[in-house]
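So the structure is just underneath, and the comments pick up after that.
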Protein chains: 2
Amino acid sequence: MSLGAEDWVEAANEALASGGVDAVRVEPLAEGLGVTKGSFYWHFADRGALLDAVLTSWERRATAAIIELVDARHETPRARLKGLLDVTQMPAAGARIEHAIRVWGARDAAIQRRLAKIDVTRERYVRELLVASGLEKTLAETRARILYLVLIGEFTWVSHGGAASNAAFREELFTLVTAKR
Amino acid sequence: MSLGAEDWVEAANEALASGGVDAVRVEPLAEGLGVTKGSFYWHFADRGALLDAVLTSWERRATAAIIELVDARHETPRARLKGLLDVTQMPAAGARIEHAIRVWGARDAAIQRRLAKIDVTRERYVRELLVASGLEKTLAETRARILYLVLIGEFTWVSHGGAASNAAFREELFTLVTAKR
DNA sequence: ACCTGAACACCGTTCAAGT
DNA sequence: ACCTGAACACCGTTCAAGT
């Protein structure tokens, strides 16, 4: 059985989640897949092309996919906000990939730009939900920022072994960010 | 002029801030310092020993140093909480080092344990300030968690180029976490 | 006390040759 | 269409030898 590009991307995803970008190495990946490293270059131009494919597949999962899921599951703005908080409860592998990508962005301007787009999309989504649930525009902006930073913080926290937040925590966070002035 | 261990640690710090753990490489560091890589092994047993020295120096700066600074500058619990929020406004290099260390912790159990200790210390400090400013114990715990996650989130955010939060943001965050029930 | 220089291992990349 | 195998460059590590 010969391999396709997807097999390499999948293996790369696992390596990324457990060891960061620099753990995505052609030779160990090849060994894990049972081929020689030379064969990698049939599927990709170089290691960078593999990393690009990994990022592209993550971009889809990490924004559109989440927003669609939350929108499909819940009706009202408040219910959607609550639903979004539960998304943080995703399996640690997801959090570890997100975190690894953020570090990667810290040292690669191109990745940084792509990450920024995703952050803008997500934060806008939160802000719109807050406005839709009755907050004044400027206040909604600040509150969206707070909520979004908590989410990023939790990704980071969970990714290095911290316990995921519990229901009481999410309840309190929800109460705070949706509180009317 | 010959070098001391501190010169290598300082160079390693810069590499860590700009490129993560894996950018801390003996050969480029040696080149930057104007010596051959062989001379590195006079000062350190191996690359791991250098990384350990880097982490130890960061541990001091990142907890005790910050808490002492805040305590020295401000008197009341509320003023100290506010002062702590301003610490996030530290230069981006500091945030980038913190972030790089967190990623590092994501793949290294020993680093993870040392990081966890620091997180416990910092979160306890926030919780105590909240209790001292009149919040009930359980609520203080939840609010401390929220505040601490926002801080971690902001480190992450700033480290990949996001704008640091402004005064209005910190004001609102302060209001929320200190609000009496 | 601190550094050089040569050696070796590991992994990214290339490429001619195989099936 | 997909893979092997050998080659070369880069960097971590060792160590005998230099000053």
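Quantities reported herein were computed from a predicted structural model and do not represent experimental measurements. Here is how names work: the chains are called A, B, and so on, in the same order as the sequence lines, proteins then strands, and each is numbered from 1.
- Both B/F40 and A/S39 lie near DNA chain C, and the one whose nearest nucleotide falls closer to the 5' end is B/F40.
- For the pair A/D22 CG and C/dG12 P, the computed distance is 10 Å after rounding to whole Å.
- Rounded to an integer number of Å, the gap from CZ of A/F44 to C1' of D/dC2 is 14 Å.
- The listed nucleotides are C/dT13, D/dC11, D/dA1; the one nearest the side chain of A/W42 is D/dA1.
- Counting heavy atoms from C-beta outward, B/R102 and A/H99 have side chains that approach closer than 4.5 Å.
- In this structure, the CG atom of A/L51 is 14 Å from the C1' atom of C/dC11, given to the nearest Å.
- Neither OP1 nor OP2 of C/dT14 sits under 4.0 Å from any side-chain N or O of A/Y41.
- Of the N and O atoms on the side chains of B/T63 and B/T121, not one donor lies less than 3.5 Å from an acceptor on the other residue.
- Relative to the six-membered ring of A/W58, A/R114 misses at least one condition, a distance below 6.0 Å or an angle of at most 45° to the axis.
- Taking only side-chain atoms of A/E27, from C-beta outward, the nucleotide of D/dG12, C/dT13, C/dG12 with the closest atom is C/dG12.
- Nucleic acid contact class of B/A45 (heavy atoms, under 4.0 Å, all strands): sugar-phosphate only.
- Of the candidates D/dA7, C/dG5, D/dC2, the closest approach to any side-chain atom of B/T36 belongs to C/dG5.
- As rounded to whole Å, 16 Å separates atom C1' of C/dT4 from atom CG of B/L33.
- Side-chain N/O atoms of A/E136 and A/T138 include a donor and acceptor closer than 3.5 Å.
- In this entry the distance linking CG of B/D46 with C1' of D/dC11 reads 14 Å, nearest Å.
- Listed nucleotides: D/dC3, C/dC3, C/dC11. Nearest to the side chain of B/V35: C/dC3.
- The partner of C/dA9 is absent, by the rule that a Watson-Crick or G-U pair needs both atom distances under 3.5 Å.
- Here C/dC2 is the nucleotide among D/dC11, C/dC2, D/dC3 with the atom lying nearest to any side-chain atom of B/S2.
- Contact of the A/Y148 side chain with the A/L84 side chain is not registered, since no non-hydrogen atoms from C-beta on lie closer than 4.5 Å.
- When heavy atoms are screened at a 4.0 angstrom cut-off, A/A5 is found touching no nucleic acid atom at all.
- Look at B/H43 and you'll find a side-chain N or O under 4.0 angstrom from OP1 or OP2 of C/dC3.
- C/dC15 atom P lies 15 Å from atom NZ of A/K37, rounded to whole Å.
- D/dC2: Watson-Crick or G-U partner is C/dG18, with both key distances under 3.5 Å.
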